[in-house]
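Step one of this worksheet: look at the structure below.
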Amino acid sequence: MKKGTKEKMLILTGNYGDGHIQVAQAIQDAMQIRFPHMEPVIIDFMEWVHPYINHLSRNVYLQAVKTFPQVYGYLYQKTRRQSGMIGDGSSTIQKFDLLSQPYNRN
């Protein structure tokens with residue numbers, strides 16, 4: 001790595017509503033504070049991999065949420081409970097600490 005060049009941390013997100021983008025930006029802000037030696041980079045994964053499908057799937061998703069908000073709310077709450085994402089965030093901070101370590105291929 002060139003002297004003065006920061007290591008990059010990739011943050012993958014999806015533009016399916018504002019929540020994903022806001023979380024990616026919050027992670028980026030936190031990384032800039034906690035790991036100033038790294039440069040967080042946000043990429044919209046679906047836009048990058050499948051730009052045409054992304055446009056279609058995003059519109060379908062947003063229409064479905066508008067048309068069936070109760071179904072969206074039910075699925076959202078169901079996945080939050082099962083994934084264990086409700087908490088104090090300490091496990092996420094521990095994962096950031098782990099991710100900030102240099103990658104060793106051996």
Side-chain angles (χ1 to χ4, degrees):
M1 180 177 292
K2 295 179 185 178
K3 191 173 186 174
T5 303
K6 292 185 175 185
E7 292 183 67
K8 294 185 178 185
M9 173 66 74
L10 179 61
I11 303 169
L12 297 175
T13 190
N15 192 6
Y16 289 77
D18 288 336
H20 295 100
I21 300 300
Q22 289 175 356
V23 169
Q25 289 173 341
I27 292 170
Q28 181 182 41
D29 293 345
M31 293 221 29
Q32 289 172 337
I33 293 167
R34 191 162 175 98
F35 307 111
H37 62 283
M38 300 185 86
E39 177 186 349
V41 177
I42 299 174
I43 301 278
D44 184 328
F45 182 73
M46 284 298 290
E47 184 180 343
W48 178 55
V49 175
H50 297 289
Y52 300 111
I53 294 173
N54 177 57
H55 180 71
L56 176 65
S57 64
R58 183 175 184 276
N59 286 336
V60 168
Y61 167 78
L62 293 175
Q63 268 314 114
V65 170
K66 288 178 187 175
T67 307
F68 305 106
Q70 297 86 358
V71 173
Y72 171 79
Y74 171 79
L75 294 173
Y76 177 81
Q77 290 301 323
K78 187 89 170 145
T79 57
R80 293 238 342 137
R81 286 189 202 110
Q82 290 179 351
S83 68
M85 291 181 68
I86 300 172
D88 63 4
S90 62
S91 64
T92 302
I93 292 170
Q94 290 171 352
K95 289 175 187 172
F96 275 148
D97 288 341
L98 179 63
L99 289 173
S100 70
Q101 302 301 315
Y103 177 69
N104 186 356
R105 293 180 189 243
N106 296 328

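Every value quoted in this text rests on a predicted model; they were computed, and no experiment measured them.
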- Looking at CD of E39 and NZ of K8, how far apart are the two atoms once the value is rounded to the nearest 0.5 Å? 5.0 Å
- Query: Can you get from F68 to Y74 by hopping between Ile, Leu, Val, Met, Phe, Trp and Tyr side chains that sit under 4.5 Å apart?
  - Reply: yes
- Task: Quickly, which of I42, T13, I11 forms a side-chain contact (heavy atoms from CB on, under 4.5 Å) with Q25? Name it, please.
- Result: I42
- Query: For N54, does its backbone N or O pair with a side-chain atom of S57 as donor and acceptor, under 3.5 Å?
  - Reply: yes
- Message: Tell me whether L12 shares a hydrophobic cluster with V49, the cluster being built from Ile, Leu, Val, Met, Phe, Trp, Tyr side chains joined at under 4.5 Å.
- Response: yes
- Where do H20 and G14 come nearest, in terms of heavy atoms and distance? CB-O, 3.0 Å
- Message: Hydrophobic clusters here meaning ILVMFWY residues chained together by side-chain heavy-atom distances under 4.5 Å, can you tell me if I33 and I27 are in one?
- Response: no
- Query: Heavy-atom count around F45 CZ within 6.0 Å, excluding the residue itself: above 12?
  - Reply: no
- Message: Looking at K6 and P40, would you say the former's side chain and the latter's main chain have a donor-acceptor pair under 3.5 Å?
- Response: no
- Can you find a pair of side-chain heavy atoms, one from K66 and one from Q63, that are under 4.5 Å apart? yes
- Query: Are L62 and Y16 connected in the hydrophobic side-chain network, where two residues link if heavy atoms are under 4.5 Å apart?
  - Reply: yes
- Quick one: do Y61 and L56 end up in the same hydrophobic cluster if we chain Ile, Leu, Val, Met, Phe, Trp and Tyr together by side-chain heavy atoms under 4.5 Å apart? no
- Query: Parallel, tilted or perpendicular: which describes the rings of F35 and H37, with under 30° parallel and over 60° perpendicular?
  - Reply: perpendicular
